[in-house]
There are 2 protein chains.
Amino acid sequence: MKALSHPARLRIVDQLASGERCLCELQPLFEQDKSTLSRHISALRQVGIVSERREGARIYLRLATPCILQIFDCLNGVLQAEAKRTAQWLEPEMVE
Amino acid sequence: MKALSHPARLRIVDQLASGERCLCELQPLFEQDKSTLSRHISALRQVGIVSERREGARIYLRLATPCILQIFDCLNGVLQAEAKRTAQWLEPEMVE
DNA sequence: GCGCAATGTAGCATTATTGCACAACAATGC
DNA sequence: GCATTGTTGTGCAATAATGCTACATTGCGC
């Protein structure tokens, strides 16, 4: 869970959701230093969320357990419920 | 996700999985200070994972979005895959 | 083989975040 | 008043994140 508790790592997982990615493809998406990204990925690998495949100098990453994506669905549910709650604060008259 | 990234908070969610709990029921399960538990729960409430129901001096908590439990299932999957990997390191000859 | 760019990783110092206990405070019920 | 139940404020210790630099490995041109 800790491994998923960082925005950058969630973005990485999100990228991998649509398929295998090379680390070098991910780099441009993050403004941060290479080493930082490397560390995030290392964290995900260490807990078994992503697995790798080396191909020459490049490393291709993919999700080791696709069920991770279910977590995203659930997350959406929580966020939407949350948004609804907030809307109720702002405009109580809209609640029926 | 950050809200779920702490063992204590996972334990809280786990407790709530089996139904509503009073905060005072939770306290004995944790050795830590009341204030610490209070803050953990506050964190979970803030992101909409748990919701509360006050009854007199007591506060009853429950999971706001049951799909959280799916995350636990997924977690188990990851952990088991991880365990298998580790076993392979230790005893490669056991792999067939 | 040799130099060199590209791709990743590891070590380090700095900074930001988190977790914790202790104490003080608020609210409820007797 | 007083015990019970929670929350909030504060200071401190532990952890995590980041950028920088230096280093390893691969692939390519010569």
Side-chain angles (χ1 to χ4, degrees), chain A residues 1-16 19-64 68 71 75 78 82 85-86 89, chain B residues 1-16 19-64 68 71 75 78 82 85-86 89:
Chain A
M1 277 297 118
K2 267 190 201 166
L4 291 175
S5 70
H6 193 284
R9 292 196 287 265
L10 282 179
R11 280 183 62 198
I12 294 171
V13 172
D14 189 43
Q15 286 298 317
L16 295 181
E20 217 175 39
R21 287 279 185 287
C22 172
L23 215 161
C24 57
E25 292 177 280
L26 295 172
Q27 304 249 9
L29 304 176
F30 296 82
E31 278 120 33
Q32 304 175 316
D33 198 78
K34 308 165 193 261
S35 60
T36 302
L37 181 57
S38 174
R39 270 181 247 269
H40 284 314
I41 288 175
S42 160
L44 291 170
R45 234 183 352 221
Q46 203 178 351
V47 299
I49 289 177
V50 310
S51 55
E52 68 182 18
R53 179 171 65 82
R54 314 189 82 100
E55 188 168 298
R58 302 190 168 187
I59 296 182
Y60 289 88
L61 302 165
R62 59 186 151 71
L63 294 181
I68 293 285
I71 294 185
L75 229 60
V78 176
E82 178 67 9
R85 275 205 312 138
T86 308
W89 289 354
Chain B
M1 277 297 119
K2 267 191 201 168
L4 290 175
S5 71
H6 193 283
R9 294 195 286 265
L10 283 179
R11 280 183 62 197
I12 294 171
V13 172
D14 189 43
Q15 286 298 317
L16 296 180
E20 216 175 42
R21 287 278 186 288
C22 172
L23 214 161
C24 58
E25 293 177 279
L26 261 33
Q27 304 251 10
L29 304 176
F30 297 81
E31 280 119 32
Q32 303 173 318
D33 198 79
K34 303 165 192 281
S35 64
T36 302
L37 182 56
S38 175
R39 271 181 239 271
H40 282 315
I41 287 176
S42 161
L44 291 171
R45 234 183 351 220
Q46 204 179 351
V47 298
I49 289 177
V50 310
S51 55
E52 68 182 18
R53 178 172 65 82
R54 314 188 83 101
E55 189 170 296
R58 301 192 169 186
I59 295 181
Y60 289 88
L61 302 166
R62 59 185 151 71
L63 294 182
I68 293 286
I71 294 184
L75 228 60
V78 176
E82 178 66 9
R85 274 204 314 137
T86 308
W89 288 354

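Because the structure is a prediction, the values reported are computed rather than measured. In what follows, chains are A, B, ... by sequence order, proteins preceding strands, each numbered from 1.
If you walk DNA chain C from 5' to 3' and mark each nucleotide with an atom closer than 4.0 Å to a heavy atom of chain B, the marks span C/dT18 to C/dG29.
Separating the NZ atom of A/Lys34 from the P atom of D/dC20 is a distance of 12 Å, rounded to the nearest angstrom. The NZ-C1' distance, from A/Lys2 to D/dT15, rounds to 8 Å in whole Å. Remark: P of D/dA16 and CD1 of A/Ile41 are 19 Å apart, rounded to the nearest angstrom. To the nearest angstrom, P of D/dA16 lies 16 Å from CE of A/Met1. Distance CZ (A/Phe30) to C1' (D/dA17): 14 Å, rounded to an integer number of Å. The distance between atom CD of A/Glu31 and atom P of D/dC20, rounded to the nearest whole Å, is 14 Å. If you take CG of A/Leu44 and P of D/dA17, they are 11 Å apart, rounded to a whole angstrom. Between the CG atom of B/Leu37 and the P atom of D/dT5 there is a distance of 13 Å, rounded to whole Å.
For the pair A/Asp14/A/Leu10, no side-chain contact is recorded, criterion being any heavy-atom separation below 4.5 Å from C-beta on. For the pair B/Glu20/B/Arg53, a side-chain contact is recorded, criterion being any heavy-atom separation below 4.5 Å from C-beta on. Counting only heavy atoms from C-beta outward, the side chains of A/Ile12 and A/Leu37 approach each other to under 4.5 Å. Side chains of A/Ile59 and A/Ile41 form no contact here, defined as non-hydrogen atoms less than 4.5 Å apart. In this structure, the side chains of A/Leu16 and A/Leu44 stay at 4.5 Å or more apart for every pair of heavy atoms.
From one end of the helix from C/dG1-D/dC30 to C/dC30-D/dG1 to the other, with five pairs defining each end axis, the axis direction shifts by 30° (rounded to 10°).
Here CE of B/Met1 is found 9.5 Å from OG of A/Ser5. Values are rounded to the nearest 0.5 Å. Rounded to the nearest 0.5 Å, atoms CG (B/Leu29) and CD (B/Gln15) are 5.0 Å apart. Rounding to the nearest 0.5 Å places CD of B/Gln27 at 8.5 Å from SG of B/Cys22. A/Arg62 contributes atom CZ, which lies 9.5 Å from atom CD of A/Glu52 (distance to the nearest 0.5 angstrom). Note that NE2 of B/His40 and OG of B/Ser35 are 9.5 Å apart. Values are rounded to the nearest 0.5 Å.
Between D/dT18 and A/His6, a contact under 4.0 Å exists linking OP1 or OP2 to a side-chain N or O. For B/Ser38, a side-chain nitrogen or oxygen approaches OP1 or OP2 of D/dT7 to under 4.0 Å.
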Stepwise side-chain contact (heavy atoms from CB on, under 4.5 Å) check, A/Val47 with B/Val78: CA-CA 8 Å; A/Val47 299; B/Val78 176; 5.7 Å; no
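Residue-level contact check: B/Ser35 touches the bases, meaning some heavy atom is under 4.0 Å from a base atom.
Of the residues in residues 47-60 of chain B, B/Ala57, B/Arg58, B/Ile59 come within less than 4.0 Å of DNA chain D through at least one heavy atom, sorted by number.
Distance from the side chain of A/His40 is smallest to D/dT18 among D/dT7, D/dT18, D/dT10.
Closest approach of B/Ala43 to B/Ala3, counting heavy atoms only: O-CB, 4.3 Å.
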